[in-house]
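Okay, so here's the structure we're looking at.
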Amino acid sequence: MGPGGQERAWVRGAQGGDASAFEALFRRHWPLAYRAAYLVVHDAAAAEDIAQEAFLAAVRNLDRFDRRRPFGPWLHRIVVNRAIDWARARALRAEVTGAELAAAAAPDGSELAEQTLDAVRALPPEHRAVIVLRYLLEYTPGEIAGLLDLPRGTVNSRLRRARDALGRRLEEER
């Protein structure tokens, strides 16, 4: 059974209350869910809460999930939307060091990775979200539009503005 078939089996099992299937889904999807939340909110405890709550919400709503589709994008949509809401509500200001953020997103810890992540941290939550979805989770702009329920033009505009802001900030740091 391929990875997609295995995941569908886990989703079926989790829908039926199978704890081991739930655990398998959690193990597969937790690392990226947590990293996505963290890169949007920049608060380790909040990211953990957001990812856990999003995962539980996804599992509670599995009856509405189309099993023919991959579970990951559905979960990422929930995670990123919750992270954006959290960041908006708290008018988030990053409280973590570049090294902590780099460890979460770019384990190599290079200076460029730290500078890039510091620049991402300075973006508004909506721009951080599209950058995280596009470049960390590797969704296409069309997929991001679907995940965030936004017009594709809005996604492209946010990506362009975010990249421009990142470029300016990285240029200033050289």
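Numbers for residues simply follow the sequence, beginning at 1. Note that the coordinates shown come from a computational prediction; the quantities given were computed from them, not determined experimentally.
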Shortest non-hydrogen contact between [X] and [Y], atoms and distance:
X	Y	answer
Ile50	Arg82	CG2-CB, 3.9 Å
Ala145	Pro151	CB-C, 4.2 Å
Leu159	Pro141	CD1-CG, 4.0 Å
Arg28	Glu7	NH1-OE1, 3.5 Å
Ala58	Ile78	CB-CD1, 3.8 Å
Ala129	Val40	CA-CG2, 4.0 Å

**Asked** Restricting to pairs with a member in residues 13-25, which pass side chain to side chain donor-acceptor pair (under 3.5 Å), not counting sequence neighbours?
**Response** Gln15-Arg67, Asp18-Ser20, Glu23-Arg27

Taking side chain to side chain donor-acceptor pair (under 3.5 Å) as the definition, give me every residue that meets it alongside [X], ordered by chain and number, with sequence neighbours left out.
X	answer
Arg161	Ser157
Asp66	Arg68
Asn156	none
Arg163	Tyr135

Hey, could you give me the [atom1]/[atom2] distance between [X] and [Y], rounded to the nearest 0.5 Å?
X	Y	atom1	atom2	answer
Trp86	Asp49	CH2	CG	9.5 Å
Thr154	Glu126	OG1	CD	11.5 Å
Arg121	Tyr38	CZ	OH	7.5 Å
Leu123	Arg158	CG	CZ	12.0 Å
Leu137	Glu143	CG	CD	11.0 Å
Ile144	Asp149	CD1	CG	14.0 Å

Could you check whether any side-chain heavy atom of [X] comes within less than 4.5 Å of a side-chain heavy atom of [Y], counting everything from C-beta outward?
X	Y	value
Val120	Leu39	no
Val59	Leu62	yes
Val80	Leu148	yes

**Request:** Identify, with sequence neighbours excluded, every residue that meets ring-ring contact (aromatic ring centres under 6.0 Å, His included) alongside Phe55.
**Result:** Phe22, Phe26, Phe71

**Prompt:** Any sub-3.5 Å donor-acceptor pair from Arg134's side-chain atoms to Tyr139's backbone N or O?
**Reply:** yes

**Prompt:** Short question: side chain of His29, backbone of Leu25 - any donor-acceptor pair under 3.5 Å?
**Reply:** no

